[in-house]
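Worksheet: one structure, shown below.
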Amino acid sequence: MRRSVLLIKKNEALLWGAVALLLILALREVGLFEVDRLWRGLHNLAIFAKDTVPPDLDVLPLAGRALWETIEMAFAGTLLGFVVSLPMGMMGARNISPWPLVVGVRLLVAIARTIPSLLWAVLFVIMVGLGPLAGTLGLALYTVGYLGKIYAELFEGVDPEVLEALKGVGASRLHLARFAVWPESANAALSQLLFMLEYNVRASSILGFAGAGGIGFYISLYLQVLDYQRLATLLLLILGLTLTLDVASAWLRERYLLQG
Amino acid sequence: MLPGVSEVTDALAVRAKGLRFAYRRNQWVIRDVDLQVPRGQICAVLGPSGAGKSTLLRLLAGLLHPQQGIVEVLGADIHNHLPATIRRRIGYIPQQLGLIRSRTALENVLMGALGRLGGLGPLLGLFPKEEVERARSLLSALGIEDKAHEKAFRLSGGERQRVAIGRALMQEPLVIMADEFVSDLDLPLAAEILGKMRQLVHQKGLSLVVNMHELPLVREYVDIAIVLKQGQIIFSGPAQELTWSLLEEARR
C-alpha cells in the first residue's frame with residue numbers, strides 16, 4: 001500500500017486553520033449566519049428594486065449638471081493633490097532625502113490618508129462653506145495621503161546605480177529628483193494618477209452627502225424622500241460615468257504608459 | 001592640460017593607504033590595500049569575482065567609507081570635506097552604467113555637466129548651448145553621433161557603454177573610476193573603446209582606474225595593474241609584467 005505524504009508543513013496547516021476559524025467567527029459576529037434576517041433582506045431588496053423601475057428621466061437635466069460638478073471636483077481635486085504629492089513623494093523617499101525630512105513628511109501623509117475624503121469634506125464645509133470647493137479640497141487632501149505614500153515608495157525603487165552615477169557627477173538633490181527619479185518612475189506614477197482619478201470620481205459622487213457639492217446631494221435627497229425612481233436615474237448616470245472612465249483610462253494606459 | 005588643474009599637478013591622481021573595509025563586522029572584504037596611480041596613467045584592478053574589485057572601486061570613488069585607511073584623489077581626502085570643485089571632476093561609471101533609461105543618449109551625456117551648472121535652467125530642461133555642443137562633439141568623438149536622440153534603453157550594449165563614457169568625459173574629469181566597463185563587450189569592441197580611452201588619458205593627462213578581466217587587453221592598453229585575492233593585493237606593478245599564472249594564483 002502506498003503511503004501518502006503530507007506536503008503541507010504542520011505550521012502552515014495550523015496557520016490556515018487559524019485563518020479559517022477567524023473568518024468564520026467574524027462572519028458569525030456580523031450576522032451572516034442569521035438565515036431569516038438574510039431572507040428578509042432579500043425580500044426588501046426585491047421591493048426596492050421594483051420601486052426603482054422605470055427610472056424617472058425627468059430628473060436628467062438636473063442630474064446632468066450635478067454630475068458635471070462631480071467630475072469637475074474629481075479632476076480639480078486629483079490634480080491639486082497630484083501637484084502636492086510629487087514634492088511630498090520626493091521628500092518622503094529615503095534614497096534622495098535626509099531622514100528627518102522623510103519621517104516628518106511620511107507622518108503628514110499618513111495623517112492625510114487616515115481621514116477619508118468624506119470626513120475631510122465635512123471639515124472643509126465647516127471652513128469654507130457648502131459647495132464644490134469643500135469637496136475639491138477634501139479630495140485633494142486624501143489624494144495627497146494616498147499618492148504621497150505610493151510615490152515615495154515608487155521613487156525609492158529607482159535603480160541606485162543611476163543615482164550613484166549622478167551623485168558622482170556632483171548633482172544636487174533637486175537634480176537627482178528631476179533627472180533620475182522622475183524620468184525613471186514617471187510612467188508608473190502617471191498610471192497611479194489615473195487610478196487615483198477613477199477612485200476620486202467614485203468618491204466625489206458621495207461628497208454631496210455632506211453638502212460638499214456634486215451629485216451626492218441629490219442621491220441623499222431622493223434616498224430620504226424615498227423617490228427611488230429618480231435615485232435609479234442618478235445611480236445609472238454614475239455607473240455610466242465609471243464605465244466610461246474605466247475604458248478611457250485603460251486606453252490611455254495602453255496607449256501611452258505601457259511602452260518602454 | 002585642462003583648465004584649473006595646475007594646482008594639483010604634483011599630486012598623485014589616486015592614492016590609497018591601509019584601506020580596510022567590511023560590510024559586516026569583522027568580515028573584511030578589503031584588507032590593507034595600498035595603491036598609487038600617477039596622473040596620466042591607466043590602472044587595472046584584476047581578480048576573480050568576489051575578490052573585492054567593485055568594493056575597492058566604490059571606496060576609491062568615495063561611495064563607501066573605509067573602516068580604516070584613507071583615499072586621496074588629487075591630493076584631497078575623498079571621504080572628508082572633499083571640495084566640490086574636485087568632486088565634480090571625478091567620474092564614476094557603475095557596473096550597469098547607471099544611464100537614465102527613458103532619456104536620450106545626448107541628455108544622458110549632458111548629465112555630466114550638472115556638477116558645474118547651478119540655477120534653475122537645468123531643472124527646467126535648459127542647458128547652455130556650449131554644453132550641448134560639447135556633449136554632441138563627445139558623442140561624435142565616441143562614434144555614436146547618429147544615436148544622439150535615441151533613448152538609452154534602445155541602445156546596444158556597446159553604445160550604452162560609450163554614452164556612459166561620454167557622460168564621465170562631460171565632467172572634464174581628472175580621474176575616472178570605471179567598474180568593469182568593458183567586460184560586457186566583445187573583444188574587438190572592448191579594444192576599440194580602451195584604445196580611445198588610452199588616447200584621451202594620454203592627451204589630457206587624466207587617470208583611469210578600471211576593473212577588468214581580460215589579460216591581453218590589460219597588457220596592451222593598461223599602464224599599471226593590481227591583482228586582488230580575497231581583498232588583499234597579491235600583485236602590483238607594470239601591466240606588462242602581469243602573467244596568467246598570477247591570475248591563476250588569485251583564483252586559488
Side-chain angles (χ1 to χ4, degrees), chain A residues 82-91 93-99 101 151 153-194 252-260, chain B residues 54 57-58 60-64 78 82-104 107-125 127 151-154 163-164 167-173 175-179:
Chain A
F82 170 69
V83 169
V84 180
S85 298
L86 270 186
M88 291 296 236
M90 294 287 181
M91 290 188 282
R94 278 169 295 192
N95 51 353
I96 53 168
S97 291
W99 73 263
L101 188 63
Y151 282 1
E153 273 162 23
L154 197 61
F155 295 157
E156 280 178 359
V158 166
D159 181 359
E161 282 207 343
V162 178
L163 294 178
E164 268 181 7
L166 290 200
K167 273 185 211 161
V169 163
S172 67
R173 288 183 203 274
L174 273 179
H175 287 145
L176 292 182
R178 165 73 172 81
F179 291 111
V181 176
W182 175 247
E184 291 288 273
S185 41
N187 274 7
L190 292 178
S191 179
Q192 287 294 337
L193 179 65
L194 279 177
L252 276 174
R253 248 188 287 278
E254 180 123 349
R255 178 81 177 73
Y256 293 105
L257 297 180
L258 288 181
Q259 44 184 336
Chain B
S54 285
L57 252 273
R58 293 158 63 84
L60 295 180
L63 293 163
L64 291 175
I78 197 163
L82 182 73
T85 47
I86 293 187
R87 160 88 276 167
R88 61 171 174 250
R89 301 189 69 177
I90 302 172
Y92 171 69
I93 304 178
Q95 202 162 13
Q96 310 296 329
L97 306 177
L99 296 183
I100 305 164
R101 287 165 36 85
S102 56
R103 291 296 149 113
T104 65
E107 286 172 302
N108 267 290
V109 172
L110 265 175
M111 292 299 107
L114 283 180
R116 59 173 176 270
L117 294 177
L120 271 179
L123 290 175
L124 298 172
F127 285 84
K151 298 227 163 118
F153 72 88
R154 290 192 199 283
V163 172
R167 180 184 60 199
L169 291 176
M170 193 69 187
Q171 289 176 252
E172 300 186 310
V175 179
I176 297 178
M177 325 260 183
D179 198 351

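Protein chains get the first letters and strands the later ones, always in sequence-line order, with residue 1 at the start of each.
Going from atom CD of A/Glu164 over to atom CG of A/Leu176 covers 11.0 Å, rounded to the nearest 0.5 Å. In this structure, CD on A/Glu156 lies 9.0 Å from CD1 on A/Ile96, to the nearest 0.5 angstrom. Distance check: A/Leu163 CG to A/His175 NE2 gives 14.0 Å after rounding to the nearest 0.5 Å.
Residue B/Arg87 touches chain A through both its backbone and its side chain, counting heavy-atom pairs closer than 4.5 Å. For chain A, no part of B/Glu107 is nearby; none of its heavy atoms comes within less than 4.5 Å. In this structure, chain A has a heavy atom under 4.5 Å from the side chain of B/Gln171, while its backbone stays farther away. Neither the backbone nor the side chain of B/Arg116 comes within less than 4.5 Å of any heavy atom in chain A. Only the backbone of B/Leu124 comes within less than 4.5 Å of a heavy atom in chain A; its side chain stays farther off. In this structure, chain A has a heavy atom under 4.5 Å from the backbone of B/Ile90, while its side chain stays farther away. Using a 4.5 Å cut-off between heavy atoms, A/Leu174 touches chain B through backbone and side chain atoms alike.
Using a 30° and 60° split on the angle between ring planes, A/Phe155 and A/Trp182 fall in the perpendicular class, above 60°.
Between the B/Tyr92 side chain and the A/Val169 main chain, no donor and acceptor come within less than 3.5 Å of each other.
Taking chain A as the reference chain and counting heavy-atom pairs below 4.5 Å, the highest number among B/Asn108, B/Leu117, B/Ile100 is found for B/Ile100.
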**OP:** Start with the C-alpha gap between B/Asp179 and B/Ile93, add the side-chain angles, then the distance that decides, and say whether side-chain contact (heavy atoms from CB on, under 4.5 Å) holds.
**Re:** CA-CA 6 Å; B/Asp179 198 351; B/Ile93 304 178; over 6 Å; no

